[in-house]
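All remarks here apply to the structure that follows.
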Amino acid sequence: MSIRVVRVGSPRAPDEGLRLGTVRRPPRGVRKEDYARLSYFDLWLPDLAPSALLVSWALSEPSTPKRWAAFARRYKSEMRAPAADRLIGLLAALSVQTDFSVGCYCEDESRCHRSLLRELLVEHGASVA
């Protein structure tokens, strides 16, 4: 059993399991009842998305390695809040018993919070594919 880290809206893997959308906003122009059918997500989990303030800061200037490092530090700091930390721990524990995926819209996973979320899940003992 494991957690997959995916781009929401991408085709699903056969054994992917439940898809969790760790995004601040649901997809625009898509009806709520179509989120799962169109491979966005089965369950919206904005509590693991970067804050609106952090996203605004990240998009305010072109990305550089220095800005990405600052974003990573700030996102990980947000995820140390008790509610987010408990949720990450819960997902890590569930990964031992079932397959599921977490995802975001970003095209480049290496410059997306989902790569950082992957690290945090592993730190909490998750089995990540």
Side-chain angles (χ1 to χ4, degrees):
M1 304 295 149
S2 65
I3 302 172
R4 289 180 182 270
V5 180
V6 300
R7 181 176 184 199
V8 296
S10 65
R12 291 176 187 254
D15 57 350
E16 185 175 313
L18 187 72
R19 185 177 277 197
L20 308 174
T22 62
V23 293
R24 180 71 30 214
R25 305 252 186 258
R28 290 184 178 170
V30 179
R31 295 174 14 177
K32 188 176 183 177
E33 52 272 10
D34 290 334
Y35 294 167
R37 184 179 64 79
L38 297 175
S39 295
Y40 284 97
F41 45 79
D42 300 302
L43 180 68
W44 183 33
L45 203 57
D47 301 327
L48 295 181
S51 68
L53 185 64
L54 182 53
V55 171
S56 177
W57 175 84
L59 298 176
S60 68
E61 293 181 26
S63 181
T64 64
K66 184 177 178 181
R67 282 184 66 77
W68 171 250
F71 175 87
R73 280 191 307 276
R74 292 167 82 175
Y75 175 72
K76 288 179 177 182
S77 177
E78 289 181 353
M79 293 302 104
R80 283 193 295 272
D85 189 60
R86 284 190 299 269
L87 190 49
I88 292 168
L90 172 65
L91 294 179
L94 287 173
S95 74
V96 176
Q97 299 180 358
T98 190
D99 291 322
F100 61 94
S101 61
V102 296
C104 179
Y105 302 115
C106 298
E107 188 172 345
D108 181 3
E109 182 181 333
S110 71
R111 289 289 188 254
C112 176
H113 81 278
R114 71 181 189 259
S115 66
L116 304 170
L117 182 56
R118 175 193 304 268
E119 292 174 19
L120 294 170
L121 287 162
V122 168
E123 287 172 12
H124 280 74
S127 173
V128 180

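Within the 3.5 Å criterion, the main-chain N or O of V5 finds no donor-acceptor partner in the side chain of S101. Although no hydrogens or angles enter the test, the distance criterion places no donor-acceptor pair under 3.5 Å between the side chain of Y75 and the main chain of L54. Although no hydrogens or angles enter the test, the distance criterion places no donor-acceptor pair under 3.5 Å between the side chain of D47 and the main chain of A84. In this structure, R67 contributes its side chain and L59 its backbone to no donor-acceptor pair below 3.5 Å. S127 places no side-chain N or O within 3.5 Å of a backbone atom of V96 that could act as its donor or acceptor partner. Side-chain N or O atoms of S60 include one that pairs as donor or acceptor with a backbone N or O of W57 at under 3.5 Å. In this structure a side-chain-to-backbone donor-acceptor pair under 3.5 Å is present from H113 to T22.
Taking the side chain as every heavy atom from C-beta outward, Y105 and C112 never approach each other to under 4.5 Å. Looking at heavy atoms from C-beta onward, F71 lies out of side-chain contact with S63 at the 4.5 angstrom threshold. Counting only heavy atoms from C-beta outward, the side chains of Y40 and P26 never approach each other to under 4.5 Å. Side chains of D42 and F100 form no contact here, defined as non-hydrogen atoms less than 4.5 Å apart. At a threshold of 4.5 Å between non-hydrogen side-chain atoms, the residues C106 and R114 count as touching.
Heavy atoms from other residues, nucleotides or ligands lying under 6.0 Å from CD of E33 number more than 12. Residue R12 places its CZ atom among more than 12 non-hydrogen atoms of other residues, nucleotides or ligands, all under 6.0 Å distant.
L43 and V30 sit in two unconnected hydrophobic clusters of ILVMFWY residues. Membership requires side-chain heavy atoms under 4.5 Å apart, directly or through other members. In the hydrophobic clustering of ILVMFWY residues, with side-chain heavy atoms under 4.5 Å counting as a link, L45 and L94 come out together. Linking ILVMFWY side-chain heavy atoms closer than 4.5 Å, directly or via other members, places Y35 and L18 in two distinct hydrophobic clusters.
Atom CG of L117 and atom CD1 of I3 lie 8.0 Å apart (nearest 0.5 Å). Atom OG in S51 sits 6.5 Å away from atom CZ in R24 (nearest 0.5 Å).
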task: Would you check, one step at a time, whether the test side-chain contact (heavy atoms from CB on, under 4.5 Å) holds for L116 with W68?
output: CA-CA 11 Å; L116 304 170; W68 171 250; 3.9 Å; yes
task: Please lay out, stage by stage, how S95 and H124 fare under the test side-chain contact (heavy atoms from CB on, under 4.5 Å).
output: CA-CA 11 Å; S95 74; H124 280 74; over 6 Å; no
task: Please step through side-chain contact (heavy atoms from CB on, under 4.5 Å) for the pair W44 and V23, ending with a clear verdict.
output: CA-CA 7 Å; W44 183 33; V23 293; 3.8 Å; yes
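Residues A129 and S2 approach most closely at CB-OG, 3.6 Å, considering heavy atoms. Closest approach of G21 and V8 over heavy atoms only: CA-CG1, 4.3 Å. Considering every non-hydrogen atom in both M79 and A49, the closest pair reads CE-O, 3.9 Å. Closest heavy-atom contact between P11 and E16: O-OE1, 4.4 Å. Closest approach of R7 to S10, counting heavy atoms only: O-OG, 2.5 Å. Minimum heavy-atom separation, L48 to I88: CD2-CG1, 3.7 Å.
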